[in-house]
Amino acid sequence: MSKEQKPTPSADKITTEQKAEALRHYRLGRTLWQQGRRGEAMTEYNISLSMDPASPAAAALDMANDIMDFFNHDLYNP
């Protein structure tokens with residue numbers, strides 16, 4: 001008897017496990033951001049985004065990039 005093989009998910013389908021793992025990375029990123037560990041948080045957001053492009057990490061990463069790109073000239077020119 002031959003064992004039935006489970007079909008592998010195609011590249012455009014995301015499994016429930018992948019969505020759950022992406023959500024875990026997003027939540028870890030939020031926790032790291034709140035602790036002030038910005039670089040690590042952005043890394044977690046990127047990991048989450050690579051696993052699930054529809055993850056809320058997309059908005060969080062955009063927000064983080066906007067915050068990191070902010071430059072207040074008044075703070076550096078007295």
Grouping I, L, V, M, F, W and Y whenever their side-chain heavy atoms are under 4.5 Å apart, do [X] and [Y] come out in a common cluster?
X: Leu23; Y: Met51; answer: no
X: Trp33; Y: Phe70; answer: no
X: Met68; Y: Tyr26; answer: yes

Quiz prompt | Over 12 non-hydrogen atoms of neighbours within 6.0 angstrom of CZ in Arg27 | solution = no
Exercise. With sequence neighbours excluded, tell me which residues meet salt bridge (Lys or Arg N to Asp or Glu O under 4.0 Å) with Arg30.
Key: none
Practice problem: Return the set of residues passing side-chain hydrogen bond (donor to acceptor under 3.5 Å, both in side chains) with Glu21 (not counting sequence neighbours), or none when no residue passes. | Solution: Arg24, His25
Exercise. Would you please name every residue forming a side-chain hydrogen bond (donor to acceptor under 3.5 Å, both in side chains) with Gln35, sequence neighbours left out?
Key: Arg37
Practice problem: First locate atom CD1 of Ile47, then atom OG of Ser55, and finally report the distance between them rounded to the nearest 0.5 Å. | Solution: 11.5 Å
Self-check item: Whichever hydrophobic residues join Leu32 through chains of side-chain contacts under 4.5 Å
Solution: Leu28
Exercise. Taking side-chain contact (heavy atoms from CB on, under 4.5 Å) as the test, write out the residues that go with Leu49, two or more places apart.
Key: Ala57, Ala58, Leu61
Quiz item: Can you list every side-chain hydrogen bond (donor to acceptor under 3.5 Å, both in side chains) pair that touches residues 59-68, not counting sequence neighbours?
Solution: none
Exercise. Check whether any side-chain N or O of Glu44 sits under 3.5 Å from a backbone N or O of Ala41 as a donor-acceptor pair, and report yes or no.
Key: no
